[in-house]
Each structure stands twice: as structure tokens, then as C-alpha cells.
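One structure is given here, and the rest of the page talks about it.
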Amino acid sequence: MSKPTIGILYDFDKTLCTTDMQEYDFIKNLGMSSDEFWGKAAALTQKHEVEKILSYMLIMIRECKERGIPLTEEYLKKCGANVELFDGVLSWFDRINAFGEEVGVSIEHYIISSGTYEIIQGTPIAKYFKRIYACRYMYDENGEAVWPALAINYTLKTQYIYRISKGTLDVTDDYNLNRLQDESLRRIAYRNMIYIGDGITDIPCMKMVKEKGGKSIALYPAGRSETVKPLVDDERINYVCAADYSEGSTLEKIVKLMIENMAILELLKHTEEQQLSQYKKNEL
């Protein structure tokens, strides 16, 4: 029996870090408040009916250009260095990977975010992800951002769940993404997926993973459980808990139980198939 793979899929803003990733260094470096920056993006959306994600990406370009700040990939990565992560995040991935090994499965971690890819790349946890799917820029001959290369809103996030399940990880590979594939041939079965998010923008992914047999977890900042009440009321999730990734936390206990359960079910499925196959051979 080959080792089953379990995929843990994360939103980023307010799921792994404490607020929107642009608010740590990027907006501060502009000399703007968060309200000013997001207000400009909202005004652009309202005036021109621009998709919200495209609005904030354009405002990032405009505000940097106005201040003479080269909006390069390297600059955005530097803006990720001081992103504030929730408690326990830095050691989370090693702990969860080790637990997967203990119960006989491989764990893969993925980001599906409407945030900025290059900023996520600059965080100390970027190395742990098999793929980071997030909004990213195209750069000119001087290395400065000129146009969105990829923009991911809350509904487009679901596309990347399909990609991860099929193993079609290249964002330019639409042929294999849309090609009919037997469920048994998928690289990661939906039942072996865990989606972790924090709010309304995660609903399509949470609902999809839950309905297809995986598990969805909604996180809230300590003492603010009301932020995920709509997800609980609408039955979009399997579990809800505080955004604390520390060893022994409720989140860790829940995720480990999920992994252990998935490992057992995969072993049972393999044993069942093996036993029935042997029975048929003997009958013949």
C-alpha cells in the first residue's frame, strides 16, 4: 500500500497571520493608514465596477509609483518578513508533518489566498508549502510590477482545490484541469483534504471541501468567536476554534484527530479492496 497523501489547505490573512498581510510593512511604508489604503481600493471598485482584488492590486502599484517606491518582487518579499503569525504557526508544520509520519500518511500544505503571493513568499513559513496560490504580479524589464499575473477572489479559490486534488498544480495547465479523471486516480482525494479559513470569503472553499467528504475548520481570533457565527449558523464548516496553532491547542488536537481518522479510513479502504480482490480470485 502506497502512503496516502493528506492535503491541508489554508487561507492566509487572519488564518495564519493576525490581519491583512499588506498592513504590516507595505501600507506603513506608504505612510498611509489601513483605512486610507483600503478606502482607495473600495472607491476604485465603486467608481469603475472593478473587481475588488484587482482594485487593491492596482492601488498598490499606483501608491508605490506616486512615492517613488520600486514595486519589485524583492521589495514585496521584504514586506513579508514582519508579518505577525498566530501563536504556534512557526512550529506547526514540522509538528503536523511528524504526526503524519507516525500514522502512516504524507502531509502536504497549500495556500489558497486572495492576498499577495510575493509577500507570502517573504514570510518565514513559505518554505513549508507545496504550492502557494495567491495574487501575483507581472514585472517589466526593470523588475517593477506593471500588471496582475494572477488574481484570486473568493469564488476562484475553488479552482485550486480541483488543481490540488488532481495534481494539476501548474496554473497554466487548463487542459488537465478540465480533463475527465476517475476519482480513484486523483492525487489527493477530497475526503483527505482539510480546509482552514477564517470568514465569509472562505465559504465557497469550506462548503466544497465539506460537501465532498473532507473537513473544514473556521478560526477566530482569541475572544472573538462571533466572527465565525455566520459559518456555524449556515452549517458551512465541521469545526470552529480559536486561531492558536500552539502545541496542545484545540486546533492541533482537532487536526490530528482528522489526520488519524483519514489514515484509518485509507487503511480500511485498502484492506477492503485487497480482501475482495483475493476473494474473487479464489472464487474464479
Side-chain angles (χ1 to χ4, degrees), residues 7-17 19-22 26 38 41-42 44-46 48-61 73 76 80 108-121 123 126 129-139 145-181 186-188 190 193-219 228 230-231 234 236-237:
I8 306 181
L9 288 47
Y10 308 80
D11 178 39
F12 197 88
D13 294 336
K14 302 174 187 175
T15 295
L16 289 166
C17 66
T19 190
D20 293 322
M21 65 184 73
Q22 295 85 1
F26 183 84
W38 297 115
L44 188 67
T45 290
Q46 192 69 28
H48 298 288
E49 296 185 348
V50 181
E51 209 284 330
K52 291 179 180 179
I53 303 303
L54 293 173
S55 287
Y56 97 68
M57 295 182 77
L58 178 56
I59 293 299
M60 287 177 72
I61 292 175
E73 185 174 4
L76 287 170
E108 291 182 355
H109 305 273
Y110 295 85
I111 290 290
I112 307 177
S113 170
S114 294
T116 308
Y117 171 84
E118 294 88 344
I119 293 179
I120 298 172
Q121 275 194 313
T123 66
F129 300 105
K130 176 81 173 178
R131 281 290 190 281
I132 297 172
Y133 294 115
C135 304
R136 61 192 304 175
Y137 286 105
M138 182 173 69
Y139 299 89
V146 292
W147 194 260
L150 189 65
I152 303 175
N153 65 20
Y154 64 98
T155 52
L156 286 175
K157 280 185 173 186
T158 57
Q159 173 195 142
Y160 299 94
I161 296 176
Y162 287 110
R163 287 194 179 280
I164 292 165
S165 177
K166 284 190 167 186
T168 309
L169 303 183
D170 182 349
V171 297
T172 66
D173 187 356
D174 293 332
Y175 174 76
N176 285 307
L177 176 65
N178 293 301
R179 185 172 56 86
L180 183 65
Q181 184 185 59
R186 287 182 177 268
R187 189 169 179 278
I188 302 179
Y190 293 120
M193 286 186 171
I194 300 169
Y195 186 90
I196 303 177
D198 68 279
I200 299 299
T201 58
D202 294 305
I203 283 177
C205 288
M206 288 174 163
K207 181 180 178 183
M208 177 181 171
V209 170
K210 182 184 177 189
E211 289 182 347
K212 288 184 174 291
K215 300 295 182 184
S216 293
I217 304 173
L219 302 184
V228 294
L231 303 177
D234 294 342
R236 306 300 184 105
I237 54 173

Residue pair I164 / R187: nearest heavy atoms and the distance that separates them: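 Heavy atoms only, the tightest pair is O-CB, 4.5 Å.
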Distance-minimising heavy-atom pair for I111 and S113: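 Of all heavy-atom pairs spanning I111 and S113, the closest is CG2-CB, 3.7 Å.
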Ring pair (Phe, Tyr, Trp, His ring centres under 6.0 Å) against [X], all qualifying residues, sequence neighbours excluded:
{"X": "Y160", "answer": "Y133"}
{"X": "F26", "answer": "none"}
{"X": "Y195", "answer": "none"}

Restricting to side-chain contact (heavy atoms from CB on, under 4.5 Å), what partner residues turn up for [X], sequence neighbours left out?
{"X": "R186", "value": "S165, K166, Q181, E183, Y190"}
{"X": "A126", "value": "T123, I132"}
{"X": "S55", "value": "A41, L44, T45, V50"}

Could you state the interatomic distance from [atom1] ([X]) to [atom2] ([Y]), rounded to the nearest 0.5 Å?
{"X": "M208", "Y": "R236", "atom1": "CE", "atom2": "CZ", "result": "14.5 Å"}
{"X": "Y10", "Y": "I120", "atom1": "OH", "atom2": "CD1", "result": "13.5 Å"}
{"X": "I196", "Y": "Y110", "atom1": "CD1", "atom2": "OH", "result": "14.5 Å"}
{"X": "I200", "Y": "M206", "atom1": "CD1", "atom2": "CE", "result": "9.0 Å"}
{"X": "L9", "Y": "I112", "atom1": "CG", "atom2": "CD1", "result": "4.0 Å"}
{"X": "I161", "Y": "C205", "atom1": "CD1", "atom2": "SG", "result": "3.5 Å"}

Listed by chain and number, what are the side-chain hydrogen bond (donor to acceptor under 3.5 Å, both in side chains) partners of [X], not counting sequence neighbours?
{"X": "D20", "answer": "none"}
{"X": "Y139", "answer": "E118"}
{"X": "Q121", "answer": "Y117"}

Answer yes or no: is there a side-chain heavy-atom contact under 4.5 Å between [X] and [Y]?
{"X": "I61", "Y": "I59", "result": "no"}
{"X": "E108", "Y": "I8", "result": "no"}
{"X": "W38", "Y": "Y56", "result": "yes"}
{"X": "C135", "Y": "T116", "result": "no"}

Evaluation steps, side chain to side chain contact (heavy atoms under 4.5 Å, CB included), between K52 and S114: CA-CA 10 Å; K52 291 179 180 179; S114 294; over 6 Å; no
Residue pairs involving residues 207-219 (criterion side-chain hydrogen bond (donor to acceptor under 3.5 Å, both in side chains); sequence neighbours excluded):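 Not a single pair qualifies under side-chain hydrogen bond (donor to acceptor under 3.5 Å, both in side chains).
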Mind listing the side-chain donor-acceptor pairs of residues 149-159 below 3.5 Å, one per line with the distance, residues two or more places apart or on another chain?
| from | atom 1 | to | atom 2 | distance (Å) |
| --- | --- | --- | --- | --- |
| N153 | OD1 | T155 | N | 3.2 |
| N153 | OD1 | T155 | OG1 | 3.0 |
| N153 | OD1 | L156 | N | 2.9 |
| N153 | ND2 | E51 | OE2 | 3.1 |
| K157 | NZ | D11 | OD1 | 3.1 |
| K157 | NZ | D202 | OD1 | 3.0 |
| T158 | OG1 | T155 | O | 2.8 |
| Q159 | OE1 | R163 | NE | 2.9 |
| Q159 | OE1 | R163 | NH2 | 3.2 |

